[in-house]
Amino acid sequence: MNYDIIVIGSGPGGYVTAIRAAQLGFKTAIIEKENLGGICLNWGCIPTKALLKSAHVFNYLKHAEQYGLNAVENPGFDFSKVIQRSRGVATKMSGGISFLMKKNKIDVIMGTAKVQKGKKVSVTDKDGKATEYSAEHIIIATGARSRELPNLPQDGVKVIGYRQALSLPEQPKSMIVVGSGAIGVEFADFYNTMGTKVTIVEFMPNIVPVEDEEVSKHVEKSLKKSGIEIMTNASVESVDTSGNGVKANVKTATGNITLEADILLSAVGISANIEGQGFEEVGIQTDKGRVLVNEWYETSVPGYYAIGDILPTQALAHVASAEGITCVEKIKGLHVEKIDYGNIPGCTYCHPEIASVGLTEKQAKEKGYEIKVGKFPFSASGKATANGDTDGFIKVIFDAKYGEWLGCHMVGDGVTDMIAEAVVARKLETTGHEVLKSIHPHPTISEAVMEAVAAAYGEVIHI
């Protein structure tokens, strides 16, 4: 069974790649061992947002009086139904990918793939039957899984990863979250809002450590105010699961302490799915657990490509999609622009939300830029005040010499839907003054971007 292109993995990298390949006229097949949509649609991006939405609605109910509404007496929830709704959203999205495969005439092959020499792929189905397929181009998009540390082995019951956190049979009364990246703080926010006692343990000095320091400190303050306990400069040395719950031995700057909880969620990053896939036999080079590729995503072996979380690039769904599109368009011979990895937006969907792109203030200074920095607090925003949620701010960083928009950092309600303005503006090499002269609608949350830019240039009106 011969194809022009075979894509291995159907996450946001794989399925988008397959669709674009089919649009370009390639005879395309996609191989998936579990569910169409991969981790993102089934066990990551989408179902976590569904859980967070339930938590935010529940939070609104608890504060109905703040909006002039009658108080909701003892607002409650059915935890199993909250989980069920999230799983239903994931199932619907996975079904949508199935429709897109049929619409674009892409063959879906269910099974576990292993690449072979000679531009071939062996696929073993659930019954153990192996079938061989060939293609002129094989694109590997096998994604990643929850990273396991030697001192934090996951048993899936008391020490869990993000996958189990999405489908717990009952709500834990207490939870330790190890790691405060996007996965860690999103689950911490969800479970805390629903009433679980949550403690975050973070090895670095600040939570969400990839963010601008001001953002990290603001989010830490907000999460603590919501009831989450946060320990930074701390690490879990070992866990004891012999009792009813979990006992975690935590190393801190002042000595070791023991934390107890029903469940420990390990959110210390991801590991690329590169094992047992035939890479070594074929000769595909890897380094430090990631596949090595050139600027067009070709591996060390002609005809084999790799995209997404198995690369050293940012492990984000939108990055994987962009890499896949770039890869197949280059194969087609189109004029393709390389991805600018310095202009990739990052979003975290806790409350308050976090969104950022470009350089942090510290990074800009380290690179030698003379900078202009502007901040605008949502407490001065009419729309945010009307919404009843003024927690957060927008921070912008410009090169003082040429006006280049170096970075944008947002924290607050709805900011993940606003960061694209900065991404597009930076792509178009917009200057600060051009942003100021682009009229933003009032009253909106988005006009805070204009106000932050105005603050950088000493022209701010509303603070």
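Model, not experiment: these values are computed from the prediction.
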Q) Quick one: CD on Gln285 to OG1 on Thr299, what's the gap to the nearest 0.5 Å? A) 8.5 Å
**Q.** pair Ile83-Leu168: side-chain heavy atoms closer than 4.5 Å
**A.** no
Q: In sequence, state the C-alpha distance, the side-chain angles, and the governing distance for His137 and Tyr305, and then conclude on side-chain hydrogen bond (donor to acceptor under 3.5 Å, both in side chains).
A: CA-CA 8 Å; His137 308 279; Tyr305 309 77; 2.9 Å; yes
**Q.** Salt bridge Glu295-Lys338, side-chain N to carboxylate O under 4.0 Å
**A.** yes
**Q.** Sub-4.5 Å side-chain heavy-atom contact between Thr91 and Asn35
**A.** no
Q: Answer yes if the ring centres of Phe279 and Tyr304 are under 6.0 angstrom apart, and no otherwise.
A: no
Q: Quick one: pull up OG1 in Thr286 and CD in Gln277 and give me the separation to the nearest 0.5 Å.
A: 11.5 Å
Q | Side chain Asp212, main chain Glu214, donor-acceptor under 3.5 Å | A | yes
Q: Please name the pair of heavy atoms, one in Thr385 and one in Ser379, separated by the smallest distance, quoted to 0.1 Å.
A: OG1-O, 3.9 Å
Q. Between Asn249 and Val239, is any pair of side-chain heavy atoms under 4.5 Å apart?
A. no
Q. Run the ring-ring contact (aromatic ring centres under 6.0 Å, His included) check on Phe398 and Tyr457 step by step: do they pass?
A. CA-CA 9 Å; Phe398 286 90; Tyr457 285 88; 5.6 Å; yes
(Q) Tell me if the NZ atom of Lys332 is crowded by more than 12 foreign heavy atoms within 6.0 Å. (A) yes
Q. Do you see a donor-acceptor pair shorter than 3.5 Å between the side chains of Thr313 and Glu323?
A. yes
Q: Kindly give the heavy-atom pair with the smallest separation between Ile263 and Pro172, and that separation in Å.
A: CD1-CB, 4.3 Å
Q | Within 6.0 Å of CZ in Arg147, more than 12 heavy atoms from elsewhere | A | no
Q: For the pair Val246 and Asp262, evaluate side-chain contact (heavy atoms from CB on, under 4.5 Å) and give the outcome as yes or no after the intermediate values.
A: CA-CA 6 Å; Val246 176; Asp262 293 337; over 6 Å; no
(Q) Could you measure the distance from the OG1 atom of Thr232 to the CZ atom of Phe203? Nearest 0.5 Å is fine. (A) 11.5 Å
(Q) If I take atom CZ from residue Phe99 and atom CG from residue Leu36, how far apart are they, to the nearest 0.5 angstrom? (A) 13.5 Å
Q) Side chain of Thr252, backbone of Thr254: donor and acceptor closer than 3.5 Å? A) yes
Q. Do the side chain of Arg85 and the main chain of Ala50 share a donor and acceptor less than 3.5 angstrom apart?
A. yes
Q) Taking C-beta and beyond as the side chain, do Leu265 and Val178 meet within less than 4.5 Å on heavy atoms? A) no
(Q) How about OH on Tyr67, more than 12 heavy atoms from neighbouring residues, nucleotides or ligands closer than 6.0 Å, or not? (A) yes
Q: Taking atom CG of Asp78 as the centre, report whether more than 12 heavy atoms of other residues, nucleotides or ligands fall under 6.0 Å from it.
A: yes
Q. Where do Gln154 and Ser146 land on the side-chain hydrogen bond (donor to acceptor under 3.5 Å, both in side chains) test, with the steps shown first?
A. CA-CA 9 Å; Gln154 297 177 20; Ser146 179; 3.1 Å; yes
Q | Stepwise side-chain hydrogen bond (donor to acceptor under 3.5 Å, both in side chains) check, His351 with Asn59 | A | CA-CA 11 Å; His351 191 81; Asn59 196 50; 5.5 Å; no
**Q.** Flag if over 12 foreign heavy atoms under 6.0 Å of NZ, Lys62
**A.** yes
Q | Main-chain N/O of Ile325 paired with Arg20 side-chain donor or acceptor, under 3.5 Å | A | no
(Q) To check you understand the geometry: which heavy-atom pair defines the closest contact between Glu211 and Ile354, and what is its length? (A) CD-CG2, 3.6 Å
Q: Kindly confirm or rule out a cation-pi arrangement of Arg87 over Trp43, judged by NZ or CZ under 6.0 Å from the six-membered ring centre and within 45° of its axis?
A: yes
Q) Side chains of Leu41 and Cys45: closer than 4.5 Å at any heavy-atom pair? A) no
Q.
I'd like to know whether His218 forms a side-chain contact (heavy atoms from CB on, under 4.5 Å) with Asp391, so could you lay out the CA-CA distance, the side-chain angles of the two residues, the decisive distance to 0.1 Å, and finally the verdict.
A. CA-CA 9 Å; His218 184 94; Asp391 185 13; 2.6 Å; yes
(Q) Checking the side chain of Tyr191 only, and the main-chain atoms of Ala165 only, is there a donor and an acceptor separated by less than 3.5 Å? (A) yes
Q | Worked verdict on Thr199 versus Val177 for side-chain contact (heavy atoms from CB on, under 4.5 Å) | A | CA-CA 6 Å; Thr199 302; Val177 177; over 6 Å; no
Q) Does Glu65 CD have over 12 foreign heavy atoms under 6.0 Å away? A) no
Q: May I ask you to say whether Glu361 pairs ionically with Lys395, meaning some side-chain N is under 4.0 Å from a carboxylate O?
A: yes
Q.
Can you confirm if the NZ or CZ of Lys375 lies within 45° of the ring axis of Phe393 and under 6.0 Å from the centre of its six-membered ring?
A. yes
Q) Hey, is the main chain of His318 close enough, under 3.5 Å, to the side chain of Ser321 for a donor-acceptor pair? A) no
Q) Got a sec: does the CG of Leu334 have more than 12 other heavy atoms crowding it under 6.0 Å? A) yes
Q | Within-4.5 Å side-chain heavy-atom neighbours: Met410 and Val449 | A | yes
Q | Rounded distance (nearest 0.5 Å) linking atom OG of Ser381 with atom CD1 of Ile463 | A | 11.5 Å
Q: Of all the heavy-atom pairs spanning Leu51 and Ser86, show the shortest one and how long it is.
A: CD2-CB, 3.6 Å
Q. How far apart are the C-alpha atoms of His440 and Glu421, what are their side-chain angles, what is the distance that settles it, and do they pass the side-chain hydrogen bond (donor to acceptor under 3.5 Å, both in side chains) test?
A. CA-CA 11 Å; His440 287 58; Glu421 174 178 350; 2.6 Å; yes
Q. Out of curiosity, Lys437 NZ to Thr430 OG1, how far, rounded to the nearest 0.5 Å?
A. 15.0 Å
Q: Mind jotting down which residue pairs meet the salt bridge (charged side-chain N to carboxylate O under 4.0 Å, His left out) criterion with at least one end in residues 173-188? Sequence neighbours excluded, please.
A: Lys49-Glu186
Q: Please say whether more than 12 non-hydrogen atoms of neighbouring residues, nucleotides or ligands are located less than 6.0 Å from CE in Met194.
A: yes
Q.
Looking at Glu229 and Lys197, is any side-chain nitrogen of the basic one under 4.0 Å from a carboxylate oxygen of the acidic one?
A. yes
Q. Distance only, no hydrogens: is a donor on one side chain within 3.5 Å (strictly under) of an acceptor on the other, for Thr348 and Glu353?
A. no
Q: Quick one: closest heavy-atom pair of Thr48 and Gly44, and the distance?
A: OG1-O, 2.8 Å
Q | Working for side-chain contact (heavy atoms from CB on, under 4.5 Å), residues Glu404 and Glu429 | A | CA-CA 7 Å; Glu404 179 187 359; Glu429 299 182 356; over 6 Å; no
Q.
Under 6.0 Å between ring centres: does that hold for Phe58 and Phe77?
A. yes
**Q.** Check: Asp389 side chain, Asp413 main-chain N or O, donor-acceptor pair, under 3.5 Å
**A.** no
(Q) Just so I know, are the side chains of Lys217 and Asn206 near enough to count as touching, which here means a heavy-atom distance under 4.5 Å? (A) yes
Q) Which atoms form the tightest heavy-atom contact between Leu152 and Val159, and what is the distance? A) O-CG1, 4.3 Å
Q) Can you tell if the side chain of Val185 reaches within under 4.5 Å of the side chain of Val219, non-hydrogen atoms only? A) no
